[in-house]
Protein chains: 2
Amino acid sequence: MVTRLSDDETDAVFRALADPTRRDILRRAIRQEQSISALAERYEMSFAAVQKHVAVLERAAIIEKQRRGKEQIVRARLETLARATELLGEFEALWRERTLRIEELLADPADPASETTPTRPTEKGHP
Amino acid sequence: MVTRLSDDETDAVFRALADPTRRDILRRAIRQEQSISALAERYEMSFAAVQKHVAVLERAAIIEKQRRGKEQIVRARLETLARATELLGEFEALWRERTLRIEELLADPADPASETTPTRPTEKGHP
DNA sequence: CTAACGTACAACCAAATGGTTACACGACTC
DNA sequence: GAGTCGTGTAACCATTTGGTTGTACGTTAG
């Protein structure tokens with residue numbers, strides 16, 4: 001983890017990923033760095049439209065562009081994706097925290113240091 | 001993994017996560033199931049606005065509602081988040097595939113299986 | 001029964017999105 | 001220098017989004 005995504009950055013990342021064309025562009029860019037026009041050839045839409053999608057991915061720091069001659073080479077920034085993954089992981093961590101709390105309650109029905117009391121741990125459902 | 005998210009489902013999930021209010025609602029719902037109005041109290045905006053956010057999360061299958069008396073209880077669906085995490089993992093898998101390919105090329109400078117024919121495997125694009 | 005509560009939904013509005021076409025610009029090719 | 005290729009950007013349009021207010025409806029409390 002480097003800096004942790006701010007709210008705005010997180011918005012941008014998830015919004016950028018919420019479009020099938022952009023996810024596809026990202027996949028291609030991951031498999032092989034390539035120019036915007038090379039990417040644009042693969043899609044039905046206009047060059048300008050593809051360029052806009054690339055711009056959205058770039059603003060989200062999911063890809064970066066690098067000039068090479070007259071071309072602009074698109075490459076993926078995997079760290080940003082990793083940070084998004086971490087963020088999703090935080091939700092799952094919250095869930096684990098919660099089940100922990102619940103187990104504590106079931107373990108200590110009214111007794112904070114484990115004593116007597118035949119506590120039946122009536123397990124509730126889990127996902 | 002259960003069914004794997006379709007393109008439309010993926011759109012919905014990432015779009016739903018691309019809003020700070022909705023992420024916050026999700027966190028609260030994960031920590032503790034609660035009614036829509038209980039959630040709505042926490043935010044500046046109108047009840048209807050919060051209700052819309054909940055609807056977006058529900059359409060994305062990130063949360064589900066369950067009637068309890070006159071209240072509608074919101075609970076998180078962690079499996080959907082898990083599938084989103086898998087999806088991000090696929091991007092990283094693509095990256096690993098790629099580095100693998102590159103290493104192979106470096107290892108076999110011009111020799112795919114130690115045989116004749118100096119065929120230069122000048123990799124073109126992929127489908 | 002009536003009142004209040006929690007929810008749903010419609011109509012409306014401003015702003016953002018995803019697409020288009022058209023045009024300007026920089027960098028190679030000839 | 002002229003032309004072309006790859007990019008960037010602007011203007012425009014339809015649709016979606018995120019918010020508002022208002023209204024209706026089922027359920028629980030008195």
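Chain naming here is simple, since letters A, B, ... match the order of the sequence lines and numbering starts at 1 in each. Basis for what follows: all heavy atoms, side chains included, without hydrogens, waters or symmetry-related copies.
Read 5' to 3', the first and last nucleotides of DNA chain D with an atom closer than 4.0 Å to a heavy atom of chain A are dC5(D) to dG18(D).
For the salt bridge (Lys or Arg N to Asp or Glu O under 4.0 Å) condition, the pairs that include at least one residue of residues 9-20 of chain B, sequence neighbours left out, are Arg23(A)-Asp11(B). Residue pairs satisfying the salt bridge (Lys or Arg N to Asp or Glu O under 4.0 Å) criterion with at least one member in residues 71-82 of chain A, sequence neighbours excluded, are listed as follows: Glu33(A)-Arg75(A), Glu64(A)-Arg75(A), Arg77(A)-Glu79(A). Pairs of residues two or more places apart, or lying in two chains, that qualify as salt bridge (Lys or Arg N to Asp or Glu O under 4.0 Å) and include a residue from residues 43-58 of chain A are Glu58(A)-Lys65(A).
Near-neighbour residues of DNA chain D inside residues 19-54 of chain B, defined by a heavy atom below 4.0 Å, number-ordered: Arg22(B), Met45(B), Ser46(B), Ala48(B), Ala49(B), Lys52(B), His53(B).
Listed by chain and residue number, nothing satisfies the salt bridge (charged side-chain N to carboxylate O under 4.0 Å, His left out) test with Arg96(B) (two or more places apart in sequence, or in another chain). Under the rule for a side chain to side chain contact (heavy atoms under 4.5 Å, CB included), the partners of Ala76(B) that lie at least two apart in sequence or sit in another chain are Leu26(B), Ile30(B), Leu78(B). For Glu92(A), the salt bridge (charged side-chain N to carboxylate O under 4.0 Å, His left out) criterion is met by no residue, not counting sequence neighbours. Every residue was checked against the side chain to side chain donor-acceptor pair (under 3.5 Å) condition with Gln32(B), not counting sequence neighbours, and none meets it. Applying the salt bridge (charged side-chain N to carboxylate O under 4.0 Å, His left out) rule to Glu41(B) yields no partners; only residues at least two apart in sequence or on another chain are considered. Residues passing the side chain to side chain donor-acceptor pair (under 3.5 Å) test with Ser37(A), sequence neighbours excluded: Ser35(A).
In terms of position along DNA chain C, the nucleotide closest to Ile73(B) lies nearer the 5' end than the nucleotide closest to the other residue of the pair Ile73(B) and Arg15(A).
Side-chain contact between Val74(A) and Gln66(A): absent, with no pair of heavy atoms (C-beta onward) separated by less than 4.5 Å.
Atom pair Leu17(A):CG and dT17(C):C1' shows a separation of 16 Å (rounding to whole Å applied).
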Distances for protein N/O vs nucleotides 23-30 of chain C N/O pairs under 3.5 angstrom?
none

